[in-house]
Protein chains: 2
Amino acid sequence: MTDEQRLKTEEQIFAAAMEVFFEKGYYGARMQDISDKAGINKALLHYYYRSKDKMFEMVFSKTIDKFFENMAFTLSKDMSLFERIEVAVDNYISFFSDNPHIPVFVVQEINRDSEAFKKLMIDKIDMLRNNVMAPFVMSIQENIAKGVIRPIDFRHLIVNIVSMCIFPVIGKPLIQGVVFANNSGDWNLFIEERKKAVAEFVINAIKK
Amino acid sequence: MTDEQRLKTEEQIFAAAMEVFFEKGYYGARMQDISDKAGINKALLHYYYRSKDKMFEMVFSKTIDKFFENMAFTLSKDMSLFERIEVAVDNYISFFSDNPHIPVFVVQEINRDSEAFKKLMIDKIDMLRNNVMAPFVMSIQENIAKGVIRPIDFRHLIVNIVSMCIFPVIGKPLIQGVVFANNSGDWNLFIEERKKAVAEFVINAIKK
DNA sequence: ATATAAATTAACTATTTGGTTAAACCAAAT
DNA sequence: ATTTGGTTTAACCAAATAGTTAATTTATAT
């Protein structure tokens, strides 16, 4: 069996594992379901990934990486504060709604075992804080000093932005019920609109 | 055995079931854990609540009720739009942070079986829409007409408010990592601050 | 006090689940 | 052709799990 095929099998398993863990979470995921989805024998799961725990750990770790990479990507550019906000919001909403399982999965699992998550996060946190937080916070301070925006606690601002981008995806059934009365309306249109709506909302909230 | 004692047993079981389902979710909850926590024999669970499914259904239903009641409570008063926002935000943040397991549980379970949730919600949705949404939306339209606030899509406004109130609770480990660098700072203080910060943020965002 | 009905338990069952094992398979090297 | 080493599978195992049963205890009514 060639290297390509070996990798293919391993990757197929991993892809299947992601799907199942995303949909069912750690407790709900079944090794049998994963091997069925990958089209291989269940024993192969343990051949390539020793245990459910190890397998989950790799899926979770990779997902957190992807999550953080996306959080870090856009804000590292050199832009004005308002541009930064526009681009970040657009990027976050795109990412979350293109990968709707990820936010639900991440929220579920960081609350199931928050210590494991914090340990996992330690390595990536500095990158995020240096590349994203720091320049963003500096930009905020500058604009406050220049009198362009109101004085505001950057922690609340950041949490506000992320909340508005991420919650609609994880609260979709709730929002569809309350806002759309389950007529489901055009959810994709609603999310598309939010890219502009949220950015405007934030900028209006801080602009003097 | 007296009526009080009978009720006491049933209620103890229910309370234990809530705790375990809140903490572990449907898939992670174990009937044995629930009976241990209630201090009774496992068979009693089935004596009072036929199955895990039925028991979960009752816990979930009661939780959704509590959730919706809280969402509905404050906005039903007769206040100005800005007062409404202040009171609603204060109330939502208080409720969610006093019952931090509820938002995580609800988000987890509405995504696990969103159809079951929608069915459950149908009865309560009209109440919520009539008592909360309708007067709030009317107030928004009035204030737009009077030129007090910018024209804004009420759906996005509502989703924004709820997002900023609920997400910090369900994303706590993430936020603690990114914003507090896991020094955990004073989380309770941060949440307390948000009651004012979010209300101000929203009002500034819409005020002309 | 005794009969009756409800509450409670210990012990059990059937099924599911993560994980193992030994044999079969297959590709490449000799 | 045969050996060799990694890959894959069918069959199996032990523990866990939701649910059941039959017996015991407790409370209530007569």
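Chain letters run A, B, ... following the sequence lines, proteins first, then strands; residues in each count from 1. All of these numbers come straight from a predicted model, not from anything done at the bench. No hydrogens, no waters, no symmetry mates; every other heavy atom, side chains included, goes into these values.
- For the atom pair B:Ile34 CD1 and B:Gln12 CD, the distance stands at 14.0 Å (nearest 0.5 Å).
- Checked by distance alone, A:Lys52 brings no side-chain donor or acceptor within 3.5 Å of a matching partner on the base of C:dG19.
- Residue B:Tyr48 places at least one side-chain N or O closer than 4.0 Å to OP1 or OP2 of C:dT8.
- In this structure, the NZ atom of A:Lys8 is 22 Å from the P atom of D:dG6, given to the nearest Å.
- Rounded to whole angstrom, the span from the CD1 atom of A:Ile13 across to the C1' atom of D:dT7 amounts to 11 Å.
- Residue B:Asn41 contributes atom CG, which lies 15 Å from atom P of D:dT21 at whole-angstrom precision.
- A close approach under 4.0 Å does occur between a side-chain nitrogen or oxygen of A:Arg30 and OP1 or OP2 of C:dG18.
- A sub-4.0 Å separation between OP1 or OP2 of C:dT8 and a side-chain N or O of B:Thr9 is present.
- Computed from coordinates, the B:Tyr27 OH to D:dT17 P distance equals 16 Å when rounded to whole Å.
- Nearest-nucleotide mapping onto DNA chain D: of A:Tyr47 and A:Lys42, the residue sitting toward the 5' end is A:Tyr47.
- Regarding B:Leu44, its CG atom lies at a distance of 5 Å from the P atom of C:dT8, rounded to whole Å.
- Of all nucleotides present, only C:dG19 satisfies the Watson-Crick or G-U wobble test against D:dC12, with each distance under 3.5 Å.
- Taking the six-membered ring for Trp and thresholds of 30 and 60 degrees, A:Trp187 and A:Phe190 have ring planes inclined between 30 and 60 degrees apart.
- Nucleic acid contact for A:Ile40: sugar-phosphate only, since backbone atoms but no base atoms lie under 4.0 Å from a heavy atom of the residue.
- Between B:His46 atom NE2 and C:dC12 atom P there is a gap of 18 Å when expressed in whole angstrom units.
- In this structure, a donor-acceptor pair under 3.5 Å is present between the side chains of A:Asp36 and A:Gln32.
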